[in-house]
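One-based numbering, in listed order, for ligands and for the atoms of each. Keep in mind the model is a prediction, meaning the values are calculated, not measured.
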Amino acid sequence: MKYFSTRSMDDKVGAAGAVVRGLAPDGGLYVPESIPRFELREIEALLTLGYTERAARVMTPFMGGFSGREVRELCAGAYTGSFDCPEIAPTRFIDENTCCLELWHGPTSAFKDMALQMLPHLLTASLKKEGETLGVCILVATSGDTGKAALEGFRDVPGTRIMVFYPRDGVSDVQRLQMVTQEGANVNVCAVEGNFDDAQAGVKRIFSDRALAAELAGSGWFLSSANSINWGRLLPQIAYYFSCYCDCVNAGVVKLGEKLNFCVPTGNFGNILAGWLAKQMGLPVGRFICASNANNVLTDFINTGVYDKRREFHLTTSPSMDILVSSNLERLLYFLTGDCQRVSGWMRELSECGRYDVGGELRERIRAEFSAGFATDDMAAAEIERLWSGHGYLIDTHTAVAFSVLNAYRRESGDAAPAAVVSTASPYKFCTSVLSALGESADAPGHELIRRLEELTGTSAPAPLSGLADKTERFTGCVKPEGMREAVREFLA
Ligand SMILES: *Cc1c(COP(=O)(O)O)cnc(C)c1O
C-alpha cells in the first residue's frame, strides 16, 4: 500500500514514509492509494476476538512494508498494560437502540490515547525502515487532550523529544495540570497567548520553515507531527469502529450486516473520518452524525457545502472541539473527488480568503452519508443531567454534545436505527462543567473538584487524574505565537 498527498499524486511513499513525514512536503495530507475491503465474514471473524487482535486485523492491510506480525506487536505494545479495563474500548448499552463507545480508558482519560499509545511504536519502527539517523522531535499544538496523550506516549522513548504548545486560556484546569506536571526527560510544554487555531497555525509555520529545518538537522534533529494530520494517528482509530460494531452484534443490538449509525463529537474531523474509512472498508454503517459545539463550522459546511471559518470563535465547555479549521476534512474531500487539483484549490481559498464552496453536487454526496448538528453549552449540560438522573450514566461535556445532537437528529429525521455515541473523554477531565451541570458548585482547584464529583456520584476517577494533586508543576512558560519558533530552537539547542 502506497500513500500520496491530497494535493498531488506525484510523490508516493510507503506507510512508514507517511508516518515519518506527517505532513506531505506540498502541505497536503497523506492518503492511501486505495481502501482495503472487508467481507462480512471477515467482520464475523472479529466477533470473538479481543481488542488488540481486532485492531491488528483492521490495520494490517494498510501497512504496506510491515508484516502482520509486526502490526500485532505494535498493537500489543500500545494496548497492553496501559488501559484501565480489559476491553480497552468498551461499549456500554444505554437503552435498546443506543450505546456508547468509551474511548477514554487509556493513561490520559481521553480518546487520543487510542492512537497516541501506538504512534511512538509506529514512528520508531517507521524511522528504522526509512533508515533515518536523525532524532525526531514531535511538535504538537493541542486544544487540550492531544498534548497530554502525546506527552504520555512519547515520554522517555529513546531517540525522540516532544514539545507541546497549548492555548493559555483554552484548556480546562485538569487538562492544564495534566500537561504542566508531565514527567520525562525528553519533554517540554509551553503555553501560547491565543486560541487553538493560533497555536496550530504557529506549528504549521514551523513545519514549513526550511531554514529552521536545516539548522535543526545540523544539531541532529528533525521535526515531525503527532497531530491528527499524521496518518499514524488516523489509522489506529479505524479499528474501534469495527470493534464497537462487533460488540453491538454480540449484544444483539444489530444483526451482522445490519446498519449502525455513529454520532461523533467532532473538532479536527479525525475521529469521524476514521469511522467513515471503516465504512468504506465494508463496515455496515448507516449515517455518521457530526456533532459540534457553538463552533459549528462543520454543521454549516455539511448542510450548505460552504466552509467559512470567518466567524466568532467561542470558548465552550467542550474545549477539545473549539476548532474553526478542521484539518482532516481535506482527506474526505480528496476521497470523495479523487481530484488533488480541486482539493489544493479549496485549501488555497481557505488560507487566502477564509472560505471555500465545494458546490451542490459534492455537497449532496456528503449529505448522503453525514448529518450534522450542534449543541450549545446549556444543551450539553442538560444532557449530562438527563443521562445521570435517567440512566445513572456519567458523561463528559464532549460526549454530551454528541448525545444532544443525536437526540435532535432522531427527532427531526425519524431515523430510529440503532446508534453508537462515541464517548471521547472521562467526565473527570471536565469536572467543573460536569459538576455545574449536576447543579453543584465548582469553584475550587481541579484536584478538589475530582474528589467532589466522586463523592456526589459514587463513581471513581481514573487513577492518573486522582494522583494530580501530588504532582509538581514543571512547565510555566508562555509565549506569543511569534515566539514559538524560538522556543523550539531553545529546546533543541
Ligand atoms: C480531540 C477531541 C475531540 C475531537 O476529535 P477530532 O478527531 O479532532 O474530531 C473530541 N472530544 C475530545 C474529548 C477530544 O479530545
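The shortest N or O to N or O distance between Asn271 and ligand 1 is under 3.5 Å. For Thr146, no nitrogen or oxygen atom sits less than 3.5 Å from a nitrogen or oxygen atom of ligand 1, counting backbone and side chain alike. When only interatomic distances are considered, the shortest N/O to N/O separation between Phe430 and ligand 1 does not fall below 3.5 Å. Residue Thr424 places at least one N or O, backbone or side chain, under 3.5 Å from an N or O of ligand 1.
Near Met321, meaning under 4.0 Å from one of its heavy atoms, ligand 1 places the atoms 10 (C). Of all the atoms in ligand 1, the ones that sit under 4.0 Å from a non-hydrogen atom of Pro265 are 4 (C), 10 (C). Which parts of ligand 1 touch Gly270 is read off a 4.0 Å heavy-atom cut-off, strictly below it: atoms 6 (P), 7 (O), 9 (O). Close approach of ligand 1 to Ala425 is summarised as follows: ligand atoms under 4.0 Å from at least one heavy atom of the residue are 13 (C).
For atom 8 (O) of ligand 1, the closest heavy atom belonging to the protein is Asn268 N, 2.7 Å. Here the heavy atom of the protein found nearest to atom 9 (O) of ligand 1 is Gly267 N, 2.8 Å. Atom 14 (C) of ligand 1 has its closest protein heavy atom at Lys112 NZ, 2.8 Å.
Contact annotation: for Phe269 versus ligand 1, heavy atoms closer than 4.0 Å belong to the backbone alone.
The minimum heavy-atom distance linking Leu103 with Ala89 is given by the pair CD2-CB, 3.8 Å.
Looking at Glu349 and Arg355, no side-chain N of the basic residue comes within less than 4.0 Å of a carboxylate O on the acidic one, giving no salt bridge.
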